[in-house]
Amino acid sequence: MMKYAITEQCVGCHACSLACPNNAVFADPDNPQQFMIHPRRCTGCEDQYATPQCATICPVELAIVDELAIAVNPLGSLTGIPMQLRGQ
């Protein structure tokens with residue numbers, strides 16, 4: 001069962017692959033600058049950490065989503081810029 005997935009917002013920084021305790025994060029064979037999460041290896045860091053390590057270290061908003069496709073770092077969560085002020 002998939003816990004987390006990496007979206008096309010990924011910039012290929014490798015942070016999540018280094019932080020994953022289960023070696024569930026890997027580079028897409030067709031696009032080495034895009035990472036993926038192996039659905040059977042990902043445990044969401046349950047019984048290991050209070051929060052998923054990939055999401056904790058990821059520097060890109062919207063790059064990692066949970067099983068409901070909800071971004072774990074939504075817009076504004078890392079920059080501190082409220083949605084209503086973006087693009088002004």
Side-chain angles (χ1 to χ4, degrees):
M1 179 176 148
M2 180 197 81
K3 293 282 186 179
Y4 293 90
I6 298 175
T7 71
E8 292 179 359
Q9 299 298 317
C10 173
V11 297
C13 74
H14 293 261
C16 58
S17 66
L18 298 172
C20 181
N22 300 312
N23 296 317
V25 181
F26 61 98
D28 182 337
D30 297 323
N31 180 2
Q33 293 304 310
Q34 174 73 44
F35 282 78
M36 304 172 77
I37 298 177
H38 193 285
R40 289 190 304 255
R41 285 188 184 170
C42 178
T43 64
C45 293
E46 289 179 10
D47 300 323
Q48 293 171 297
Y49 296 95
T51 58
Q53 296 301 284
C54 61
T56 301
I57 199 163
C58 182
V60 181
E61 294 173 345
L62 305 178
I64 299 177
V65 295
D66 65 14
E67 64 270 7
L68 301 175
I70 297 170
V72 293
N73 292 327
L75 283 176
S77 65
L78 300 177
T79 62
I81 301 171
M83 287 301 300
Q84 59 269 28
L85 296 180
R86 287 181 178 250
Q88 292 183 359

Engineer: Using the side chain to side chain contact (heavy atoms under 4.5 Å, CB included) criterion, which residues pair with Gln48? Sequence neighbours excluded.
Structural biologist: Pro21, Asn22, Thr43, Cys45

Engineer: Name all residues meeting the side-chain hydrogen bond (donor to acceptor under 3.5 Å, both in side chains) criterion together with Thr56; count only those two or more places apart in sequence or in a different chain, and write none if there are none.
Structural biologist: Thr51

Engineer: Could you pull out the closest heavy-atom pair between Gly44 and Lys3, with the gap in Å?
Structural biologist: N-CG, 3.7 Å

Engineer: Quick check: closest heavy atoms across Cys54 and Ile37, and the distance to 0.1 Å?
Structural biologist: SG-CD1, 4.3 Å

Engineer: Any sub-3.5 Å donor-acceptor pair from Gln34's side-chain atoms to Thr7's backbone N or O?
Structural biologist: yes

Engineer: Find out whether Ile64 and Asn73 are in side-chain contact, i.e. whether some heavy atom of one side chain is under 4.5 Å from a heavy atom of the other.
Structural biologist: no

Engineer: To check you understand the geometry: which heavy-atom pair defines the closest contact between Ser17 and His14, and what is its length?
Structural biologist: OG-O, 2.8 Å

Engineer: Under a 4.5 Å side-chain heavy-atom rule over Ile, Leu, Val, Met, Phe, Trp and Tyr, are Phe35 and Val72 clustered together?
Structural biologist: yes

Engineer: Please report the shortest heavy-atom distance between Val25 and Cys16, naming the atom on each side.
Structural biologist: CG1-SG, 3.4 Å

Engineer: What closest approach, in Å, do Cys10 and Ala63 show between heavy atoms, and which atom pair accounts for it?
Structural biologist: N-CB, 4.1 Å

Engineer: Taking Gln9 for its side chain and Glu61 for its backbone only, find out whether a donor-acceptor pair lies under 3.5 Å.
Structural biologist: no

Engineer: For residues Ala71 and Leu62, report the shortest heavy-atom separation together with the two atoms involved.
Structural biologist: CB-CD2, 3.6 Å

